[in-house]
Amino acid sequence: MEMNYDAAELHQIEQELHQEILPGTEIMTDVGSHHFVKGGSHVLVPQPSDDPHDPLNWSPLWKGLAITAVSSVSFMQGFGPLALAPMFPYYIEDFHSNLADVVKFTGVAILVLGFSNFIWVPLSTSFGRRPVLLASQIICLVSSIWRATAKDYSSFMGACVLNGIGAGPAESIQPAVIADMFFLHDRGFWNTLYWVFYMGSLMVGPIISGSMSLHVGWRNFWWLNTALIAASFLMVLFMFPETKWHRMHPNEVTQHLKVADVSNEKTAEKATGIEDPEKLGGDVTKVPTHATMPEITHQATAERDPYLGKGTPSKQQWKLFQPNPNPLKAIALDLWIPWKLFAFPIVEFAAFVVSWSCSSFLTLNLTQSQNFAAPPYNFNSQSIGFMNFAILAGAMIGLATAGPFSDWVSDRATKRNGGIREPEMRLPAMIPYVLVMMLGNFVVAFGYEQKWPWEAIVIIGYACAGLQVAALPAMVNTYAVDSYKPVAGSLMVAITVNKNVWGYGFAEFITPWIIKDGFVPPIMTNMCLVTLWCSFGIVFYFYGKTFRRWSRNSSVHQM
């Protein structure tokens with residue numbers, strides 16, 4: 001939960017609402033005597049502090065600069081690793097290799113990328129997001145230069161491994177930055193925007209690499225990649241102040257209030273010379289505040305947080321890293337928590353939906369050269385690369401619809417629920433995108449197998465793949481983060497490791513499987529698995545709150 005209540009307050013609110021408030025449940029309206037800082041008609045969740053340097057208080061300009069810089073990192077770190085598909089024929093020729101071996105360039109990078117977040121997320125939790133973004137971009141820069149200059153298969157594979165190590169933050173840091181800077185009611189849009197930037201880079205990479213490898217050689221693509229990573233590094237250096245901000249946990253708030261109360265009582269006793277009435281045998285009368293507390297107004301909001309929308313970063317937030325009194329403890333916790341999270345049903349659900357939804361997209365990346373470079377199509381690398389425009393167009397439709405649609409579905413359910421939002425309320429928004437995913441996989445599988453006109457495969461199949469991969473992972477990621485906000489970074493590690501292990505496995509066996517049995521069995525098997533995991537959304541819609549109740553006392557809510 002991001003609202004900070006002590007046990008008594010929480011019990012009082014639950015009584016007034018006649019609802020159980022669990023981690024992940026958010027109060028989006030004033031309740032009796034409990035009034036909150038508002039932004040327009042929304043109660044702001046989490047409640048911002050009254051510090052001008054709190055990232056929640058930053059002005060739209062600073063938030064815009066920071067989100068632009070971190071989005072450039074997400075884009076550039078995804079741009080290179082999956083840009084290889086149209087270049088496979090050139091690697092086969094130049095490195096005297098075969099298709100199954102050059103496909104491993106992608107698979108190995110994906111595998112290493114997932115596990116590299118066991119390095120990056122603990123560092124971002126301990127020392128801040130800024131140093132992680134800068135250091136990872138330097139590693140990606142070196143790996144890109146290495147790729148451009150690699151002379152043989154082994155050398156290029158080494159560059160792929162280094163690239164995987166450097167590119168980990170693309171899959172874990174931006175969701176944490178979004179949680180640092182944006183309020184709950186805006187996060188659906190920003191998480192979808194992040195997902196489209198990251199997945200969009202995987203789609204744009206093959207478009208550019210295919211054309212460049214045909215006209216100026218594949219090595220020049222990696223020199224372009226080097227220049228773009230350098231530009232992104234400079235954007236982070238000058239546009240991205242630190243967004244990590246410590247917010248007090250409920251037990252800290254309670255302790256703080258107790259200390260303040262004791263201090264105030266002592267001051268009052270000294271000023272009046274009157275001791276505690278209970279000590280004198282008198283009665284203590286509790287005055288109800290329901291009637292005396294006026295409804296919150298814009299003026300009251302301004303008094304509670306005068307810097308809302310006007311804040312700026314401090315000098316400290318521009319330093320290369322933030323000091324941490326217990327870095328080893330923080331790093332050890334971040335290494336353990338992703339494994340602990342696999343015991344939570346909601347995390348498992350999100351991890352499997354993300355893994356198989358992304359594999360639907362990965363399938364197209366790994367098979368497009370195999371299908372379209374062969375008869376009857378005989379397309380060159382540029383033409384095959386340009387087919388990724390259809391995936392990109394689908395992703396843009398996903399960006400335009402999925403975030404706003406899931407927020408709208410969630411907002412309507414919140415109003416019907418008396419202003420109380422449950423994370424499960426956004427799950428019904430998955431339904432149309434699951435149907436789109438099924439259509440796309442049918443068209444691609446049978447289109448490849450029966451050599452349909454390329455227009456049908458690309459315009460319908462590829463566009464559907466882009467649309468669903470922009471929508472489904474973003475929705476379940478948001479659901480999982482809303483349920484376990486304090487460990488958002490570790491949660492992304494758990495999901496990413498799950499996704500990338502499956503992606504590596506898929507890259508290993510899909511080429512020989514297609515050669516043996518054709519395109520339909522692997523692609524349709526994958527589609528069935530996506531449908532299976534998404535169908536568990538029905539279970540979580542009805543029983544997700546029960547699963548959250550099981551873990552309400554878990555230490556993950558106190559991180």
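Computed from a prediction, not measured in an experiment: that's the story for all the values here.
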Worksheet item: Around atom CZ of Phe442, are there more than 12 heavy atoms of other residues, nucleotides or ligands at under 6.0 Å?
Response: no

Worksheet item: Does the side-chain hydrogen bond (donor to acceptor under 3.5 Å, both in side chains) test come out yes or no for Ser551 and Tyr484, once each step is laid out?
Response: CA-CA 10 Å; Ser551 60; Tyr484 300 103; 3.0 Å; yes

Worksheet, complete the sentence: OG (Ser410) and CE (Met425) are apart, to the nearest 0.5 Å, by 6.5 Å

Practice prompt. Give the minimum heavy-atom separation between Asn526 and Ser360, together with the two atoms involved.
Written response: ND2-OG, 3.3 Å

Worksheet item: Does Arg421 come within less than 4.0 Å of Asp482, counting only side-chain N to carboxylate O?
Response: no

Worksheet, complete the sentence: Interatomic distance, CD1@Ile346 vs CH2@Trp550, rounded to 0.5 Å, equals 10.0 Å

Practice prompt. Can you measure from CG (Asp186) to CE (Met181) and round to the nearest 0.5 angstrom?
Written response: 11.0 Å

Worksheet entry | Rounded distance [0.5 Å steps], CD1 in Ile229 versus CG in Asn163 | 7.0 Å

Worksheet item: Can you check whether Ala85's main-chain N or O pairs, donor with acceptor, with Ser369's side chain at less than 3.5 Å?
Response: yes

Discussion item. What I'd like to find out is whether the side chain of Arg426 reaches to under 4.5 Å of the side chain of Thr478, using heavy atoms alone.
Written reply: yes

Worksheet entry | Ring centers of Tyr198, Phe75 separated by less than 6.0 Å | no

Practice prompt. Assess whether atom NZ of Lys451 is packed by more than 12 heavy atoms of other residues, nucleotides or ligands within 6.0 Å.
Written response: yes

Fill in: Heavy-atom check, side chain of Lys104 versus side chain of Glu508, under 4.5 Å
yes

Practice prompt. Indicate yes or no: at least one non-hydrogen side-chain atom of Pro345 is less than 4.5 angstrom from one of Phe540.
Written response: yes

Worksheet item: Do the non-hydrogen side-chain atoms of Gln77 and Pro169 ever get within less than 4.5 Å of each other?
Response: yes

Item to complete: Using only heavy-atom distances, determine whether the side chains of Tyr433 and Thr401 contain a donor-acceptor pair under 3.5 Å.
Response: yes

Discussion item. Check whether Asn441 reaches the backbone of Met438 with its side chain - one donor and one acceptor, N or O, closer than 3.5 Å.
Written reply: no

Worksheet item: Is Ser483 reaching over with its side chain to a backbone N or O of Tyr479, donor-acceptor style, under 3.5 angstrom?
Response: yes

Worksheet item: Is Met475 close to Leu427 at the side-chain level, that is, under 4.5 Å between some pair of heavy atoms?
Response: no

Item to complete: Would you confirm whether the ring centroid of Phe349 sits within less than 6.0 angstrom of the ring centroid of Phe536?
Response: no

Worksheet entry | Residues, nucleotides or ligands: over 12 heavy atoms within 6.0 Å of Phe542 CZ | no

Practice prompt. Mark yes or no for whether Lys63, through its side chain, and Leu56, through its backbone, hold a donor-acceptor pair below 3.5 Å.
Written response: yes

Worksheet item: Does the pair Glu422 and Lys545 meet the rule for a salt bridge (charged side-chain N to carboxylate O under 4.0 Å, His left out), with working shown?
Response: CA-CA 8 Å; Glu422 306 288 359; Lys545 191 163 185 174; 2.8 Å; yes

Item to complete: Grab the two heavy atoms, one from Pro206 and one from Asn365, that are nearest each other, plus how far apart they are.
Response: CG-ND2, 3.8 Å

Fill in: Between Phe506 and Phe509, ring centroids under 6.0 Å
yes

Discussion item. Using every non-hydrogen atom in the two residues, find where Tyr462 and Gln368 come nearest and quote the distance to one decimal.
Written reply: OH-CB, 3.5 Å

Item to complete: Establish, yes or no, whether a centroid distance under 6.0 Å links the rings of Trp120 and Phe115.
Response: no

Item to complete: Spell out, as yes or no, whether a donor-acceptor pair under 3.5 Å connects the side chain of Asn417 to the backbone of Gly419.
Response: no

Worksheet item: Would you say the side-chain atoms of Ser211 pair up with the backbone N or O of Ile208, donor to acceptor, closer than 3.5 Å?
Response: no

Discussion item. How close do Gln468 and Phe361 get, counting heavy atoms only, and between which atoms?
Written reply: NE2-N, 4.4 Å

Worksheet item: Does Trp190 have its ring centroid less than 6.0 Å away from the ring centroid of Phe182?
Response: yes

Discussion item. Between Asp180 and Arg129, does any NZ, NE, NH1 or NH2 come within less than 4.0 Å of an OD or OE carboxylate oxygen?
Written reply: yes

Discussion item. Between Trp513 and Asp517, is there a side-chain donor-acceptor contact under 3.5 Å, judged purely by atom types and distance?
Written reply: yes

Item to complete: Measure the shortest side-chain to side-chain distance between Val501 and Tyr504 over non-hydrogen atoms and say whether it is less than 4.5 angstrom.
Response: no

Discussion item. Between Asp411 and Thr414, do the side chains contain a donor N or O and an acceptor N or O under 3.5 Å apart?
Written reply: no

Worksheet item: Between Val70 and Phe240, which heavy-atom pair has the shortest distance, and what is it?
Response: CB-CE1, 4.0 Å

Worksheet item: Taking the six-membered ring where the residue is Trp, are the ring centres of Trp356 and Phe352 under 6.0 Å apart?
Response: yes

Worksheet item: Would a 4.5 Å heavy-atom cut-off, applied to side chains only, mark Leu472 and Cys534 as touching?
Response: yes

Worksheet item: Do Phe389 and Phe386 have ring centroids that are under 6.0 Å from one another?
Response: yes

Discussion item. A side-chain contact here means heavy atoms from C-beta on lying under 4.5 Å apart; do Ile457 and Met387 qualify?
Written reply: no

Worksheet item: Is the distance between the ring centroids of Phe547 and Phe344 under 6.0 Å?
Response: no

Worksheet item: Quick one: OG on Ser172 to CD1 on Ile495, what's the gap to the nearest 0.5 Å?
Response: 11.0 Å

Discussion item. Can you tell me if Leu435 has over 12 outside heavy atoms packed within less than 6.0 Å of its CG?
Written reply: yes

Fill in: Nearest atoms (heavy-atom pairs only) where Ala66 meets Trp58
CB-CZ3, 4.4 Å

Worksheet item: Going from CG on Asn117 to OG on Ser136, what distance comes out if it is rounded to the nearest 0.5 angstrom?
Response: 10.0 Å

Discussion item. Donor-acceptor check, side chain of Thr525 to backbone of Pro521, threshold 3.5 angstrom: yes or no?
Written reply: yes

